[in-house]
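First up is the structure itself, then whatever we jot down about it.
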Amino acid sequence: MKFRTKEDYIVDTVNYILLGIVAIVTIYPFWYVFVLSFNDGYDALVKGIYFWPRKFVLDNYIAFFTDGRWLSAFGVSVVRTVIGGVCTTLFTCMVAYAHSRPNLMFRRFYSLLLIFCMYFSGGLIPFYVTLRSYNLLNKFWVYIIPGLLSYFFVIVARSFFSELPPELMEAAKIDGASDLGIFFRVVLPVSTPLLATMLLFQAVNHWNSWVDSAYYVRDESLRTLSYRMMEVINKSNISDAMAQSSSAMAQMAEANRTTSFSLQCASLVVCIIPILCVYPFLQKHFVQGMMIGAVKG
Amino acid sequence: MKTKSFLSLFAVAVLVLSLFAGCSGGGNTTSASTASGTAATGSSADQTKAPSSEAASANDGKIVDLTLFVDETWWSYNTWEGKIPQMVTEKTGVNIIPTVAVDENQLQLMVSSGDLPDMICSYRFDRLSDSALCYSYNELIDQYAPDFEVDPVTKYVNSTLHDGKFYVIKNDFASPQKWKDNPKALHQGPGISFRKDILEGLGNPEINSIEDLENVYDMVLAQYPGVVPIVAEGMDNSFRYMKVQLAVHSDNFYEDEAEQLKWRGRDPQLLEWYKLMNKWYHKGYWTADNLAFKNADQYKQVLMNGEAFSLMAYDNTADTVNTEMKAAGKDYYMVAKPEWLTDEATLFDYRIGWRGLFITRNCSNPEAAINFAKYAYSEEGQQFLLWGEEDVDWHYGDDGYPVFDTWEPSDKNSIMALGVRYWGWLTCDNIVNGMGQGVGYEQTFDVKRYLTDRTERKVYIGMANPAADSDESATLSRVNDLLKTEGVKVLLADNEDGVVTAYNNMITMAESMGLNDLEAWANSVYPQIKEGYFAITDE
């Protein structure tokens, strides 16, 4: 048993106190949003709410779950996150595995291309025109296909795959497995930490993404949850040009009389909960996955 | 070395080629709009071609779907639903499929990519008044709706300087003749309201001048610690109420004594306003936090917490805030003060509207669109969209103002259920809208009455608007931004001398940005504008 000195206890105490403060500062905003989501909207504007709702109501959640648009957006977000996360992970791993093979032709060229594309892009308008030429605009697949390849994770996954013992692949080849068979039956099963990490990152990315829903989609039934949240958040905003007009400001003030803040909190909670639920299942792989590619040998 | 040279050359070549990505085939897709709410994309080739006569009489009793993009993130309606929209569809044969902007960049992307909906409701007049992007109302009226009457003044003020056509009929504008013909119409503008309980606690003092107001604020500071005398909107509109009291010009230009146009930053009354607000800041009447407010929720929060005495916002804010205070169970309310504080108080209205309905070149059915616009801009259409069905949802009261029977202006749920009011804001002028704005609100009517009596309209000044992408437009944008950013320093200067120094610095900076050239441009077009305006009015 390690002998602990007085200094050890002091250091531990200070550490615990500081970490406790950090934990409170980190967790409390989430708790505050959670509390406000269960508080009456108008009452939420009055200060004095800290740890518990002052006027407990379920109205905000009722408004959320009875509004078909929010439910539809929730469904689209879930489907998009599941399909997008899985497809992006699979696609990226396939590219990274191929790239990790030393006998791949033009390997260096692909590396340079990946790095170049990671730092440079054509811009929003060329991208929009490209999507239109592929007939992806206003379709569900505009959420999935453009994001199938994650450049950053190709590099990470490539490092991981290159560290796998080559004997595994050779043994499978001797047994008559094809390259695809080796990838799906040998490589992927031993890559659980990598897959978990990638899946989590891509899922969060898909879940939070609203720009594609705003710019590339006009069908209201294809809107995502994060888009709806931006809608609510921007209900109180007016452009600088319009802000010069008293009439415009008066109209906006009249149109937005009912507070949307508590409804925003309710929608925030609904947005956060699924990710919070999924995270513990992936956490045991996540820590190991974060170190992938960081330490060689 | 050779390999490295080759690679570096190759990388540069790819970089140059990537600059041309997406350049070819811009807008050549020809997928037509469908009835299920998808975006209308049309060929942008030959965009100056006159609308095809084959599109004529497309309605023929059928309902036409037209997509509409509303370029305002706060717009309340996401769907064209409700009794009133349905009846408008039956009358016009047009079903609107709206999309509301979620941020300011959406329209820019649509314009740049050529992927425009059938109609756009926007304030970006300079950008969209372009024959390559939108039909002019002139050509559509000539082709499809020769009975669409637009009065000469409205036509004139909406016509662009660069081609003399009008691409939109801006809302919230009416000709001087129309104002004379409708003396009951009311103007919109800033207003002030006070907490009734505190006023009563102070003995209901008279507030008939700025000095009286300062005395009341001093009493509040002394007797109500923790209560800030003034809370207002954020920086862009802060204390506009006091600008009206001091007769400060708030539009881009004003006319000086020599009948020359000057940028609003040069208004001598603006300096007086800065001095007064600076004095009030140092006395503790308002806090610097107020300048950072971005939306109404922030000043409402201060009011709801009982931390403010007076609110400087709009003519209807007292009533709209009271509705929320009542819902929140507060036992205090705001009382508006419509009376003027100074003899020179004036609301300068040089604007020629601030939102309008554009019909884009991608419109799948321009005939249906212009006929919809014809209805929506008519007095009957405006009343229908704003107030509902006459003798069912509203009727004229004995005082000549509408009385709303099936909905309440203060009850947003009843408005949304009927689908009334907000769609009318797309196309209303300030006569019809002004008639109904004060109805249903206890205090707003009085405030608007006072505002209307002291409104000075010189719309020909508002017509001096530089074209989009011109140097003048860029300069105007820069100096207006300067007014916002440097204006904070002027307001928060250490003392009156500091205000004057900071203000002079701001003007010097504006001049270095090209202000003199901008004013020279404005004065080069102003005589022509005035001459054209007075030729068609009786003023």
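Note on naming: letters A, B, ... go to the chains in the order of the sequence lines (proteins, then strands), and numbering restarts at 1 for each one.
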Does any backbone or side-chain atom of B/Asn433 lie under 4.5 Å from a heavy atom of chain A? Answer side chain, backbone, both or neither. side chain

Could you look at B/Gln108 and say if it's the side chain, the backbone, both or neither that has a heavy atom under 4.5 Å from chain A?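 Contact with chain A is absent: no heavy atom of B/Gln108 under 4.5 Å.
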
Chain B contact via A/Tyr227 - side chain, backbone, both or neither, heavy atoms under 4.5 Å: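 The answer is both parts of A/Tyr227.
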
All ring-ring contact (aromatic ring centres under 6.0 Å, His included) counterparts of A/Phe38, not counting sequence neighbours: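 So A/Phe38 forms a ring-ring contact (aromatic ring centres under 6.0 Å, His included) with A/Phe34, A/Phe56, A/Tyr61.
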
If the condition is ring-ring contact (aromatic ring centres under 6.0 Å, His included), which residues does A/Phe153 pass it with, not counting sequence neighbours? A/Phe201

For the residue pair B/Tyr422 and B/Trp425, is the inter-centroid distance of their aromatic rings smaller than 6.0 Å?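 Centroid separation for B/Tyr422 and B/Trp425: below 6.0 Å.
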
Hey, do the aromatic rings of A/Tyr151 and A/Phe116 have their centres closer than 6.0 Å? no

